[in-house]
There are 2 protein chains.
Amino acid sequence: MRASDRAYESLVEEIQGGALAPGAVIGEAAQAARLGVSRTPMREAIGRLVADGLVRQQSPRVLVVAGFDGGDIRALFETRRALEETAARLAAARGDAVAFGELAAEFRAAHPESGSRAADDYYALIARFDAALDVAVDNVYLTQALRPIRAHLARARRIARDNAGRLRDSVAEHALIAEAIAAGDPELAAHATHVHLHHALTSILSSIEHATPTEGPQ
Amino acid sequence: MRASDRAYESLVEEIQGGALAPGAVIGEAAQAARLGVSRTPMREAIGRLVADGLVRQQSPRVLVVAGFDGGDIRALFETRRALEETAARLAAARGDAVAFGELAAEFRAAHPESGSRAADDYYALIARFDAALDVAVDNVYLTQALRPIRAHLARARRIARDNAGRLRDSVAEHALIAEAIAAGDPELAAHATHVHLHHALTSILSSIEHATPTEGPQ
DNA sequence: GATTCGGCAAATGTATACATAAAAGGGCAA
DNA sequence: TTGCCCTTTTATGTATACATTTGCCGAATC
């Protein structure tokens, strides 16, 4: 594996996991030294983070981890709705009914509310669902547009992490989406996605208000 | 301006304009020498092109200009619909009525069918409309998702270039979208966008079928 | 004659040296 | 004491040298 890929993945995980908090300064030399690569691959990794929107230019010379507040999450979900409702519609029209039937069954069988281990398994299942969606939609432009959205979503998930009731509802919502796709019902798939995203956003926003404001070190 | 930016813009224009045809091999050293920069900024420029999807990996070691056939254009417009209908809806809800009213007037006054100079002016007007849309929507995720879409769209436009009748209809469609946004009518803005994209896609696809297949040198 | 193995060449991946510019800190002057 | 300017430092931007991997070509063997 290339050094630039390792550096990129490390930084993405640290940003998503909160180890690198919003506002943290990302300097080429500093990060390169910390992760044990030279400046060239680190430069490439940082370039990808900027393209993803996880890192942004604060001033001509200084890059910082992008902030991520309630307004950002609302904007993220607006874009998610646009892309994922379309993806659901297209998958229902084109997708492999068997594959989505099996995914629906897995969602029905999932019990992510029974511990953090189960929650992680559940997120892995969602990742497989997303991958199946990409295959079914068969549209590189849509898939590419979704990539950074999902990277930001991981940050939002962490904020609202481990709300047992929400996770229990979420599996049922995903199961319905998968079933609608398996049944070849585009409108139901799209509207079930809308419902799911509405509930997910509402839950995340209420988590934020009840938790401490997510402020990184300046 | 940085050397990597110059290299990136040069390559984008050459790909959009067809000077670098689909399938053309993009080698770091070769392009760096041709454009008079060193490999480091060229490497960054090529990385951005790959992220945009204008260049793709053909094999582990060789990058080529991405193909762009009728199927790609259909996929591109599916994604465009998802993003631009949402953008139109949001702009109608939030946008500056005066700004879009003025843009609508400019569209009503445009006559792009009267020569290639007028057509270029018209594309510049569309670019200003897109910029106004980005401001009105005020959603970085949506704007970022639209960026590569627009880069690919420029390739599609070139294929269907200068169809006088189509351009005349296009201004009217854009005027309606701008008026709907100015009037604060989200549904009309979204559906007018849908209609516009439907006509644009139909026109481009028929141009392709009647023209010689767009094959680049292998 | 075909297939496989080995070597060679050319490309990318990485490291580092050098250039340049911006920001911060200190010193001097008002 | 404060503000401005100059210097110094440290950052990024660029170029280039070096390492590594891959793909191809040729020769030898089966």
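Here the structure is a predicted model, which is why all the values come from computation and not from measurement.
- Side-chain contact check for B/I177 versus B/F100: every heavy-atom pair is 4.5 Å or farther apart.
- For the contact set between residues 33-40 of chain A and DNA chain C, defined by any heavy atom under 4.0 Å, the members are A/V37, A/S38, A/R39, A/T40.
- Note that A/R80 lies in the cation-pi zone of A/F77, set by a 6.0 Å cut-off to the ring centre and a 45° limit from the axis.
- With DNA chain C read from its 5' end, the first of the two nearest nucleotides for A/M1 and A/S59 is the one closest to A/M1.
- If you take CD1 of B/I26 and C1' of C/dT12, they are 15 Å apart, rounded to a whole angstrom.
- Backbone-only engagement by A/S4 is indicated by non-hydrogen atom pairs under 4.0 Å involving sugar-phosphate atoms exclusively.
- Residues A/N139 and A/D134 form no side-chain contact, since every pair of their non-hydrogen atoms from C-beta on lies 4.5 Å or further apart.
- Nucleotides of DNA chain D lying under 4.0 Å from heavy atoms of chain B occupy a range whose first and last members, 5' to 3', are D/dG13 to D/dG23.
- For a distance-only test at 3.5 Å, the side chain of A/R61 qualifies as a donor-acceptor partner of the base of C/dA21.
- When each of B/V62 and A/P60 is assigned the nucleotide of DNA chain C bearing its nearest heavy atom, the one mapping closer to the 5' terminus is B/V62.
- In this structure the side chain of A/L205 reaches within 4.5 angstrom of the side chain of A/R74, judged on heavy atoms.
- Put simply, the side chain of A/H174 gets close to the backbone of A/S170: a donor and an acceptor are under 3.5 Å apart.
- Under the 4.5 Å side-chain criterion, counting only non-hydrogen atoms from C-beta, B/Q16 is not in contact with B/R158.
- Ion pairing between B/D52 and B/R147 holds under the 4.0 Å rule for side-chain N and carboxylate O.
- DNA chain C lies under 4.0 Å from at least one heavy atom of each of the following residues of residues 41-54 of chain B: B/R43.
- Between the side chain of B/S203 and the backbone N or O of B/H199, no donor-acceptor pair lies under 3.5 Å.
- In this structure the side chain of B/D96 never reaches within 4.5 angstrom of the side chain of B/V135, judged on heavy atoms.
- Contact check, A/R2 against C/dG13: a side-chain N or O comes under 4.0 Å of OP1 or OP2.
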Please assess A/R89 against A/T193 for the test side chain to side chain contact (heavy atoms under 4.5 Å, CB included), listing each intermediate value before the final yes or no. CA-CA 9 Å; A/R89 229 183 285 269; A/T193 298; over 6 Å; no
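- Contact detail for B/E44 and B/R2: the closest heavy-atom pair is OE2-NH2, 4.3 Å.
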